[in-house]
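The structure under discussion appears below in the form of structure tokens.
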Amino acid sequence: MIRLAPSILSADFSALAADAARVERAGVQLLHMDIMDGHFVPNISFGPAVMKSLLGKTELPFDVHLMIENADSIIPEFVTERTEYIVVHQETCVQLGRTLDLIRDFGVKPGVALNPATPVSALDCVLAEVELVLIMTVNPGYSGQKFRPAGIEKVRRLAEIRKERELSFQIEVDGGVSLGNARVLAEAGTDIFVTGSSLFGAPDAAEWVRAFYKAVS
Ligand code: DX5
Ligand code: ZN
């Protein structure tokens, strides 16, 4: 089943709870949290306190995307009863297996993200240890950037490997996802679609979600 994970980076920060509730009512399955440190990416977003402030405002599980260096020390702060995934970047983790174990030991599903310039082969030795692989289709840091189509082939390759090795990780795509590219991404094997500006910029979120599911069905 294909899931939608709106990135609250594109929400109205002064009305975060209302925006989260709005997309929840529209029928999405996860809330994507873009955590940025100003080092790994050239932007600073928000931290665990802001994320936790949404706990009582929505029932949606959290999909935490850490675009930060030295993730290990702050990972515990993102563990809540609603945290389904914590996703770290391959480019930031010198001992990736250790970081994935740390996340799993908290009872959270570990995921790993790849920047557009990092090949799928960089994950060859850890694919059996992850619950999710996130393919970035923009260089991380900002919402509203242009989709980089090279990610489509990476999704296809990952889906092939998953089948060959009989693995079951989810494939997530993040960056520039729109109603225009959803179908080709779904056909390539995407399970979870992160969407920021396209959904939050739509006049009617429920209508956008209906159009999305029509496009991918
Ligand atoms: C980029 C973030 C994305 C982004 C998505 O660094 O990881 O989640 O906010 O926003 P759109 O869909 O507008 O590219
Ligand atoms: Zn993200």
Side-chain angles (χ1 to χ4, degrees), residues 2-13 16 19-20 22-23 26 28-48 50-51 54 60-69 71 75 78 83-93 103 109-118 130-152 154-155 170-186 190-203 205 208-209 211-212 215-216:
I2 286 181
R3 288 184 284 172
L4 271 170
S7 164
I8 62 161
L9 187 65
S10 292
D12 176 352
F13 277 14
L16 214 41
D19 257 5
R22 189 164 67 87
V23 292
V28 307
Q29 293 79 20
L30 294 157
L31 267 191
H32 186 79
M33 305 286 171
D34 280 313
I35 312 299
M36 303 178 176
D37 67 353
H39 293 275
F40 176 59
V41 292
N43 192 8
I44 296 174
S45 56
F46 57 89
V50 170
M51 184 191 90
L54 288 172
L60 292 171
F62 297 161
D63 172 33
V64 183
H65 178 193
L66 297 180
M67 287 159 276
I68 62 177
E69 289 172 5
I75 279 170
F78 291 97
T83 308
E84 179 162 350
Y85 297 102
I86 293 182
V87 182
V88 293
H89 266 263
Q90 185 274 343
E91 300 85 4
T92 63
C93 294
I103 296 168
K109 295 175 186 166
V112 58
L114 295 180
N115 277 342
T118 308
V130 300
E131 302 282 346
L132 178 148
V133 177
L134 190 169
I135 298 296
M136 288 302 307
T137 38
V138 298
N139 282 291
Y142 303 95
S143 60
Q145 301 183 79
K146 192 164 168 279
F147 179 76
R148 290 174 176 263
I152 300 168
K154 288 165 83 174
V155 172
Q170 296 281 283
I171 301 175
E172 181 173 44
V173 164
D174 185 3
V177 169
S178 69
L179 295 176
N181 55 29
R183 188 179 186 86
V184 67
L185 286 167
T190 306
D191 306 294
I192 305 178
F193 290 71
V194 177
T195 172
S197 48
S198 183
L199 172 55
F200 281 99
W208 191 97
V209 170
F212 170 84
V216 300

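For ligands, and for the atoms within them, numbers begin at 1 and follow the listed sequence.
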Handout entry: Side-chain heavy-atom pair Arg3, Leu30 within 4.5 angstrom cut-off
Key = yes

Practice task
Starting from the C-alpha separation in whole Å, work towards a yes-or-no answer on side chain to side chain contact (heavy atoms under 4.5 Å, CB included) for Asp63 and Glu172.
Solution key: CA-CA 11 Å; Asp63 172 33; Glu172 181 173 44; 2.5 Å; yes

Practice task
Report the nearest protein non-hydrogen atom to atom 1 (C) of ligand 1: residue, atom name, distance rounded to 0.1 Å.
Solution key: Tyr142 O, 3.6 Å

Exercise for the section: Around atom 6 (O) of ligand 1, find the nearest protein heavy atom and jot down its residue, atom name and distance. Expected result: Gly141 N, 2.7 Å

Completion exercise
the Zn ion (ligand 2) has as its nearest N, O or S atom from His65 the atom ND1

Handout entry: Partner of Met136 under side-chain contact (heavy atoms from CB on, under 4.5 Å), chosen from His89, Met67, Arg148
Key = His89

Exercise for the section: Give a yes or no on whether the backbone of Ile192 and the side-chain of Gln170 come within a donor-acceptor separation of less than 3.5 Å. Expected result: no

Practice task
Taking the Zn ion (ligand 2) as the vertex, measure the angle between atom OD2 in Asp174 and atom OD1 in Asp34; round to 10°.
Solution key: 170°

Handout entry: Contact atoms of ligand 1, heavy-atom distance to Asp34 under 4.0 Å
Key = 2 (C), 3 (C), 4 (C), 7 (O), 8 (O), 9 (O)

Problem - Numbered atoms of ligand 1 (with element) below 4.0 Å of Pro140, judged on heavy atoms - result: 6 (O)

Handout entry: Heavy atom of the protein closest to atom 12 (O) of ligand 1 (residue, atom name, distance)
Key = Gly196 N, 2.8 Å

Practice task
Check all N, O or S atoms of His32 and name the one closest to the Zn ion (ligand 2).
Solution key: NE2

Exercise for the section: Dump the intermediate steps for side chain to side chain contact (heavy atoms under 4.5 Å, CB included) on Ser178 and Phe147, then the final yes or no. Expected result: CA-CA 9 Å; Ser178 69; Phe147 179 76; over 6 Å; no

Practice task
Hey, can you tell me if Phe13 and Phe46 have their rings parallel, tilted or perpendicular (30° and 60° cut-offs)?
Solution key: perpendicular

Problem - Ser198 touching ligand 1 at heavy-atom level, < 4.0 angstrom - result: no

Problem - Closest approach of any protein heavy atom to atom 13 (O) of ligand 1, naming residue and atom - result: Ser197 OG, 2.5 Å

Exercise for the section: Output the list of atoms in ligand 1 that are nearer than 4.0 Å to some heavy atom of Gly144, sorted by atom number. Expected result: 11 (P), 13 (O), 14 (O)

Practice task
Go through Leu31 and Val23 one step at a time and tell me if the side chain to side chain contact (heavy atoms under 4.5 Å, CB included) criterion holds.
Solution key: CA-CA 9 Å; Leu31 267 191; Val23 292; 4.1 Å; yes

Practice task
For residues Asp37 and Ile44, determine if any side-chain heavy atom of one lies less than 4.5 Å from a side-chain heavy atom of the other.
Solution key: no

Exercise for the section: Would you check, one step at a time, whether the test side chain to side chain contact (heavy atoms under 4.5 Å, CB included) holds for Phe78 with Ile103? Expected result: CA-CA 10 Å; Phe78 291 97; Ile103 296 168; over 6 Å; no

Exercise for the section: Indicate whether the side chain of Ser7 and that of Asp34 have a donor and an acceptor atom separated by less than 3.5 Å. Expected result: yes

Completion exercise
Looking only at protein heavy atoms, what sits closest to atom 5 (C) of ligand 1 is Asp174 OD1, 3.6 Å

Completion exercise
One finds that the ligand 1 atoms under 4.0 Å from a non-hydrogen atom of Ser7 are 8 (O), 9 (O)

Practice task
Counting heavy atoms only, name the option from Gly176, Ala113, Gly201, Ser143 that's nearest to atom 10 (O) of ligand 1.
Solution key: Ser143

Problem - Note, Thr195 side chain near Leu4 side chain (heavy atom, < 4.5 Å) - result: yes

Problem - Atoms in ligand 1 flagged as close to Val194, the criterion being non-hydrogen separation under 4.0 Å - result: 8 (O)

Exercise for the section: For Leu9, counting its heavy atoms only, list the atoms of ligand 1 lying under 4.0 Å from any of them. Expected result: 9 (O)

Practice task
With heavy atoms of His32 as the reference, note each atom of ligand 1 found under 4.0 Å away.
Solution key: 8 (O)

Exercise for the section: Enumerate the atoms of ligand 1 whose separation from the nearest heavy atom of Met36 is less than 4.0 angstrom. Expected result: 6 (O)

